[in-house]
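Since the structure comes first, as structure tokens, the remarks are kept for the end.
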Amino acid sequence: AQLRELFGFTRTEAAVAGALGRGQSLEDIAADMRISLPTLRTHLKRILAKTGTRRQAQAVALLARSMA
């Protein structure tokens, strides 16, 4: 809920962002959520846009700080 409020994420984007912030790999997140890797990458692109970051590592660092 905190990530949804901070960045305007959808529920799925917030779930992906939370998993990224906890250090999970894209493959593990996709498997856990039972979605395809291309679908997960679409969510990641939206997360990057909403956080104003350009790279996954930047987004992960920002998300980790936001979750702390």
Discussion item. Could you work out, with side chain to side chain donor-acceptor pair (under 3.5 Å) as the rule, every residue matching T42, not counting sequence neighbours?
Written reply: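 Scan of T42 (side chain to side chain donor-acceptor pair (under 3.5 Å), adjacent residues dropped) gives none.
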Practice prompt. Return the set of residues passing side chain to side chain donor-acceptor pair (under 3.5 Å) with S66 (not counting sequence neighbours), or none when no residue passes.
Written response: none
Worksheet item: Nearest 0.5 Å, what's the CZ-CD1 distance between F7 and I47?
Response: 10.0 Å
Hey, can you pull the donor-acceptor pairs under 3.5 Å for the side chains in residues 53-61, sequence neighbours left out?
residue, atom, partner, partner atom, Å
T53, OG1, T51, OG1, 2.8
Q58, OE1, R54, N, 2.9
Q58, OE1, R55, N, 3.0

Would you list the atom pairs, donor with acceptor, under 3.5 Å between side chains in residues 16-26 and any protein atom, with sequence neighbours excluded?
residue, atom, partner, partner atom, Å
R22, NH1, G18, O, 3.2
Q24, NE2, D32, OD2, 2.9
S25, OG, D28, N, 3.1
S25, OG, D28, OD2, 3.3

Fill in: ring-ring contact (aromatic ring centres under 6.0 Å, His included): pairs with one or both residues in residues 46-68, sequence neighbours excluded
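Every candidate ring-ring contact (aromatic ring centres under 6.0 Å, His included) pair involving residues 46-68 fails, so no pair, neighbours aside, qualifies.
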Worksheet item: Which pairs with one or both residues in residues 44-68 pass ring-ring contact (aromatic ring centres under 6.0 Å, His included), sequence neighbours excluded?
Response: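 Every pair satisfying ring-ring contact (aromatic ring centres under 6.0 Å, His included) with a residue in residues 44-68: there are none.
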Worksheet item: Are any side-chain N or O atoms of K50 and backbone N or O atoms of F9, one a donor and one an acceptor, separated by less than 3.5 Å?
Response: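 Pair absent, no side-chain N/O of K50 close to backbone of F9.
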Worksheet item: According to the salt bridge (charged side-chain N to carboxylate O under 4.0 Å, His left out) rule, which pairs have a member within residues 1-11, sequence neighbours left out?
Response: none
Worksheet item: M33 and A15: which non-hydrogen atoms are nearest, and at how many Å?
Response: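 Here M33 and A15 meet closest at CE-CB, 4.0 Å.
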Worksheet item: Heavy-atom distance under 4.5 Å between the side chains of H43 and I35, does that happen here?
Response: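 H43 reaches I35 side chain to side chain.
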